[in-house]
Number of protein chains: 2
Amino acid sequence: MARPKLHDVAAHAGVSVTTVSRVLNNRGYLSDDVRTRVNTAISELGYRPDGIARSLIGRKSAIVGVIVPTVADPFFGELVSAIENRLAERGYKAMLCDCQENAAREADYLDLLQANRVDGIITSTHNRDVEGYGKAELPIVAVDRRIGAHIPIVRSDNRAGGRLATEHLLARGTRTPLLITATDHAGNDRAAAFREVVAARGLEPVVRAYGYATPFPQRRALIETWLAETGADGVFATDDLTALMVLEWAHKTGRAVPHDVRIIGYDGSAAVRLGMPGLTTVQQPIAQLGARAVELVVDRIEAEADDEAEVGADTAAEPPLPVELRLGWTT
Amino acid sequence: MARPKLHDVAAHAGVSVTTVSRVLNNRGYLSDDVRTRVNTAISELGYRPDGIARSLIGRKSAIVGVIVPTVADPFFGELVSAIENRLAERGYKAMLCDCQENAAREADYLDLLQANRVDGIITSTHNRDVEGYGKAELPIVAVDRRIGAHIPIVRSDNRAGGRLATEHLLARGTRTPLLITATDHAGNDRAAAFREVVAARGLEPVVRAYGYATPFPQRRALIETWLAETGADGVFATDDLTALMVLEWAHKTGRAVPHDVRIIGYDGSAAVRLGMPGLTTVQQPIAQLGARAVELVVDRIEAEADDEAEVGADTAAEPPLPVELRLGWTT
DNA sequence: CTGAAAGCGCTTACAG
DNA sequence: CTGAAAGCGCTTACAG
């Protein structure tokens, strides 16, 4: 038979659909007899409630939208994996939106997710100025990204990370430190920390930014140009993939690492740790970032449903999670 | 005002809800006047149809479930990114199921996806013998994985890839080739090709399998043991991350690459190409794999909806997509 | 403790 | 060319 519905279960058990629904949702008073009969009917028929119909009523879909630049990037892949798993533990599903570094698509996705009645959104893209987050009337949590005054941000301690990396580079004997980052704007705490620490030693902070949207081949070309041009003997890359590009350049051009040039990355995704454990890097607590974002968004969803007092009006001030220096042989 | 509904638009435009629905779906005859008034009302109210309600009627949710071991792995991350993007182009959303290499969770997900009325499923995990795929009554497509007689498989040419890799290793002067793979079962075409090519040269094929479920630290330990024990001077790893672990071991133990040991990987994900372009590897057409899987599953979904003749009963025999040798300095 | 009825926001025959 | 009504598969007041 086709997929059984509530009606079929009710007929099979000899009760009303109301009663079946109550057993399913465990609400109201039920005699043990009825409960048993209904449960038997459910398993005999292999009944599974229709999530769509349920969503239409309660205004809960139990789906959270997850917006990222791209899961092809190991950092975001690991973050999404952590998010999805924590969501599953809390009974939610993840609708994945992979923006491919494209701001226009992000705005579309925001619309799409709301049309599909997701209960909340976790967003972690690099795009600034995406319209729509302000207007959205559902719980939103940002991961390492500032998108609006009232949107809580989950992040790790970028300033401490930037400081750790830079101090380590200098401690290893770097005289001409270079920072390579994606975008060098005011909110870039890793860059800010780099500048502070370097300047405090009386050295000159040199910073180069490749831009998120730059395709990989050009990005590599840019980076190699900067390395040659600056003659840096220590490089802090604010993501591991860039650090590995620097390492590759050193290999190609016959520089000894760390003797001629010291290299430190940022992120510490499992993939990089596995494939290139020798890379010194600042380890972000990726799983914790994901889990914390889920807690915040789900707590808000459920608080709204319960009509409770607004959950933590000050969650926007989440304390940053700790980072850790992971030593390899590249420094 | 709260989210506007069809009723509100109808009132605003002075027509019936039926008419608004027809404008929305562009079906039946409509006078231009009515069409214009409705469209105006829609934009004035900022109306967006409710996807949930729509799904409940047409039995289409426009959601496809995507089941993978984990997007934290760069290969699967890139695959999912490609899948999600092609799905978006065809008007579908992706519900992500990240199994964390856990067969039990995969079975749960299969259930969950059906309860949420996804229109189809793309699956690409390593688990064998997951119950439920046989019983599922919706379009399913597997990526590089055999799960049932009638489930089409999208894959690249593993046999050719295995041959390319092995021949290349031998051409570079390897005398004692070692294959490191996840599981050494009959369906592993890369391993089969390795054995064939090595045996044809009168050498002895040595094969070691670490098992998907093995946690990373143990995996590394295993691999290092094998490398020491076999004294191999050429290693073919059937995934790039493992190849990078071999490279790291060579570095740690002072082996020169490729002089003392040649190393070739498999997959060629963008992340690895970017971070470690020097790795010789067999490049899979990851984006094409994802796109092709989407075409197959969406074609089937839409054929069912149109009640057309069964789409390609023989799609299970999809020809494999071509792979390519990518040369680096590790061989 | 249990059921009949209304309704979630749409679409779709069926009339007109 | 347009509308009134039934229905998608559930849940939830409201009665009893």
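We name chains A, B, ... by the order of the sequence lines, and we start the count at 1 in each one.
For A/T18 and C/dG3, the shortest distance from a side-chain N or O to OP1 or OP2 is not below 4.0 Å. A sub-4.0 Å separation between OP1 or OP2 of C/dG3 and a side-chain N or O of A/T19 is present. Considering only side-chain N and O atoms, B/R54 lies under 4.0 angstrom from the phosphate OP1 or OP2 of C/dT11. The shortest distance between the side-chain N/O atoms of B/S21 and the OP1/OP2 oxygens of C/dT11 is below 4.0 Å.
Between B/R48 and B/R22, the residue anchored nearer the 5' end of DNA chain C, judged by the nucleotide with its closest heavy atom, is B/R48. With the nearest nucleotide of DNA chain C identified for both A/V34 and B/V20, A/V34 has the one nearer the 5' end. Ranked by how close their nearest DNA chain D nucleotide is to the 5' end, B/G14 and B/A53 are led by B/G14.
Look at D/dT2: its Watson-Crick or wobble partner, with both distances under 3.5 angstrom, is C/dA15.
The nearest whole Å value for the distance from the CD1 atom in B/I57 to the C1' atom in D/dA6 is 11 Å. Nucleotide C/dC1 holds its P atom 9 Å from the CG atom of A/D32, rounded to whole Å. Look at CG on B/L56: it is 10 Å from C1' on C/dT11, rounded to the nearest Å. Rounded to a whole Å, the CG atom of A/D8 is 9 Å from the P atom of D/dC10. Going from atom CG of A/N25 over to atom C1' of D/dT11 covers 7 Å, rounded to whole Å. Spacing between atom CZ of B/R35 and atom P of D/dC1 amounts to 10 Å, rounded to whole angstrom units. Rounded to whole angstrom, the span from the CG atom of A/L24 across to the P atom of D/dG9 amounts to 15 Å. Atoms CG (A/N26) and P (D/dT11) sit 13 Å apart, rounded to a whole Å.
A/R37 and A/D33 are joined by a salt bridge, as a carboxylate oxygen and a charged side-chain nitrogen come within less than 4.0 angstrom of each other. A salt bridge does not link B/E295 with B/R292: none of the charged nitrogens is closer than 4.0 Å to a carboxylate oxygen. The pair B/R90-B/D299 meets the salt-bridge criterion, since a charged nitrogen lies less than 4.0 angstrom from a carboxylate oxygen. Salt-bridge formation is not detected for the pair B/R155/B/E318: no Lys NZ or Arg NE/NH1/NH2 atom is positioned less than 4.0 Å from an Asp or Glu carboxylate oxygen. Electrostatic pairing of B/D50 and A/R117 counts as a salt bridge here, judged by a charged N lying under 4.0 Å from a carboxylate O.
At a cut-off of 3.5 angstrom, the base of C/dG9 holds no donor-acceptor pair with the side chain of A/R117.
Residue B/L6 is in base contact, counting any heavy-atom pair closer than 4.0 Å across all strands shown. Nucleic acid contact class of A/S31 (heavy atoms, under 4.0 Å, all strands): sugar-phosphate only.
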